[in-house]
J.: 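Dropping a structure here in structure tokens format, bear with me for questions.
What's counted below: heavy atoms across the whole structure, side chains too, no hydrogens, waters or symmetry copies. Counting from 1, the numbers follow the sequence of the chain as shown.
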Amino acid sequence: MAPAKPDIVLYTSGTPNGQKASITLEELGLPYEVQNIQISKNIQKEDWYLKINPNGRIPAIVDKTPSSDGKPREKRVFESGALMLYLCERYDPEHKLSYPYDSDEYWEVVEWLVWMQSGLGPMQGQANHFYRYAPEKIQYGINRYQTETKRLYQVLEDRLEYQSKNGSSGPWTVGDKMTIADLASFAWINWAEWAGVEVKEFKHLEGWLDRINARPAIQKGLDVPEPFEMKKKMQTKEGEEEYQKMHSQWVMKGQDADQEKHK
């Protein structure tokens, strides 16, 4: 029996974590349906969505692809790192973005994916908040999280430099090809200027960022569920202020709702 055609629904929004899912799907060439979870309307907190992602965040998928024996199934996966691993385990038999299970490279990919999930994403997210969204400018918070974000950029910069000296093409984070370890970090570092952080001081990181951004599947995935406009908006002061105001409204609205619920 021929494998069933993938039937995947992606629930997402235009954030770094959301883009991790869509660029992975695009790089793997998988067909998928998109459901735009409008965070500004708090859709991620609605009961129907919490059954898919009990954490009330994006992204998440529901994989409706029938099992190998043809039986119907609906597998939901939430958390972007878990989602990326799932997609590779099920739909990357040629290891386009991964390495064979239990190889040294497989575990290195897992290491860097967990590093990103537990460090880079949370720290840069806090830099975003204090630099862009906080109703009062707390310089300590801005300095704290921008500095930690830069420290983590340096960790990846050093890794890429090491890879370049050891024959890695690219270089890439693990081995000689782009993997989900690269895509996970890329989705956040591609928003560096939003956190008030410059990439130019990191030579290898800047080249790595350019190589990934040049890929057609990446550009297609970044525009899910709507066109990615941050970089264009950042070209003018007016555009930057407009983009910041728009995002600040839903960020603070969501925070206020959580504070009211858990006070």
J.: Test your reading of the model: is there a side-chain donor-acceptor pair from Gln163 to the backbone of Trp172, 3.5 Å cut-off?
T.: yes

J.: Cation-pi between Lys150 and Phe202: NZ/CZ under 6.0 Å from ring centre and within 45° of the ring axis?
T.: no

J.: Using a 4.5 Å cut-off on heavy atoms from C-beta on, say whether the side chain of Trp191 contacts that of Asn128.
T.: no

J.: Tell me whether Arg211 contacts the main-chain N or O of Gly170 through its side chain, where contact means a donor paired with an acceptor under 3.5 Å.
T.: yes

J.: Rounded to the nearest 0.5 Å, what separates atom CD in Glu79 from atom CG in Asn17?
T.: 8.0 Å

J.: Side chains of Thr65 and Asp63 only: does a donor on one sit below 3.5 Å from an acceptor on the other?
T.: yes

J.: Hey, are Asp182 and Thr173 close enough side-chain-wise for a donor-acceptor pair under 3.5 Å?
T.: yes

J.: With a 3.5 Å distance limit and no angle check, can you tell me whether Gln19 reaches the backbone of Gly221 through a side-chain donor-acceptor pair?
T.: no

J.: Please tell me if the side chains of Asn53 and Gln44 come closer than 4.5 Å, counting only heavy atoms from C-beta onward.
T.: no

J.: Taking Gln244 for its side chain and Arg132 for its backbone only, find out whether a donor-acceptor pair lies under 3.5 Å.
T.: yes

J.: Please answer whether the main-chain N or O of Ser67 pairs with a side-chain N or O of Arg73 as donor and acceptor at a distance below 3.5 Å.
T.: no

J.: Could you walk me through whether Asn42 and Glu46 pass side-chain hydrogen bond (donor to acceptor under 3.5 Å, both in side chains), step by step?
T.: CA-CA 7 Å; Asn42 230 23; Glu46 294 181 0; over 6 Å; no

J.: For residues 139-146, which side-chain donor-acceptor pairs fall under 3.5 Å, sequence neighbours excluded?
T.:
from, atom 1, to, atom 2, distance (Å)
Gln139, NE2, Asn143, OD1, 3.0
Asn143, ND2, Gln139, O, 3.4
Gln146, NE2, Ala195, O, 2.9

J.: Test side chain to side chain contact (heavy atoms under 4.5 Å, CB included) on Gln117 and Lys20 and set out the steps.
T.: CA-CA 11 Å; Gln117 293 286 126; Lys20 281 193 283 185; 2.5 Å; yes

J.: So Asn213 and Leu222, do their side chains get closer than 4.5 Å, heavy atoms only?
T.: yes

J.: Would you compute the distance between atom CG of Asp176 and atom OH of Tyr99 and round it to the nearest 0.5 angstrom?
T.: 4.5 Å

J.: Looking at Thr179 and Ala181, would you say the former's side chain and the latter's main chain have a donor-acceptor pair under 3.5 Å?
T.: yes

J.: I'd like to know if Lys96 and Glu27 make a salt bridge, using a cut-off of under 4.0 Å between side-chain N and carboxylate O.
T.: no

J.: List for me each residue that meets side-chain contact (heavy atoms from CB on, under 4.5 Å) alongside Val34, sequence neighbours excluded, and say none if there are none.
T.: Thr12, Tyr32, Val224, Pro225

J.: Are the side chains of Trp107 and Asp102 in contact, using a 4.5 Å heavy-atom criterion?
T.: yes

J.: Is Glu161 paired with Lys165 through a side-chain N to carboxylate O contact shorter than 4.0 Å?
T.: yes

J.: Decide yes or no for Arg159 and His204: does some side-chain heavy atom of the first lie under 4.5 Å from some side-chain heavy atom of the second?
T.: no

J.: Taking only residues two or more places apart in sequence, or in another chain, which ones meet Arg151 in a salt bridge (charged side-chain N to carboxylate O under 4.0 Å, His left out)?
T.: Glu148

J.: With rounding to the nearest 0.5 angstrom, report the NE2 to OG distance, His129 to Ser248.
T.: 9.0 Å

J.: Taking the side chain as every heavy atom from C-beta outward, state whether Glu206 and Asp210 have any pair of such atoms under 4.5 Å apart.
T.: yes

J.: Quick check on ring pair (Phe, Tyr, Trp, His ring centres under 6.0 Å): which of Tyr243, Trp188, Phe228 does Trp194 satisfy it with?
T.: Tyr243

J.: Are there over 12 heavy-atom neighbours, none belonging to Lys137, within less than 6.0 Å of that residue's NZ?
T.: yes

J.: Could you check whether atom NZ of Lys231 has more than 12 heavy atoms from other residues, nucleotides or ligands sitting under 6.0 Å from it?
T.: yes

J.: Is a side-chain donor or acceptor of Asn190 paired with a backbone partner of Phe186 at a separation under 3.5 angstrom?
T.: no

J.: According to a 4.5 Å side-chain heavy-atom criterion applied to Ile, Leu, Val, Met, Phe, Trp and Tyr, with indirect links allowed, do Ile58 and Phe78 form part of one hydrophobic cluster?
T.: no

J.: Rounded to the nearest 0.5 Å, how far apart are CG of Leu28 and CG of Leu97?
T.: 4.5 Å

J.: Looking at Glu157 and Leu205, what are the two nearest heavy atoms and their distance?
T.: OE1-N, 2.7 Å

J.: Keeping Lys177 on the side-chain end and Ser98 on the backbone end, is there a donor-acceptor pair under 3.5 Å?
T.: yes

J.: Rounded to the nearest 0.5 Å, how far apart are CD of Glu193 and CD of Glu198?
T.: 8.0 Å

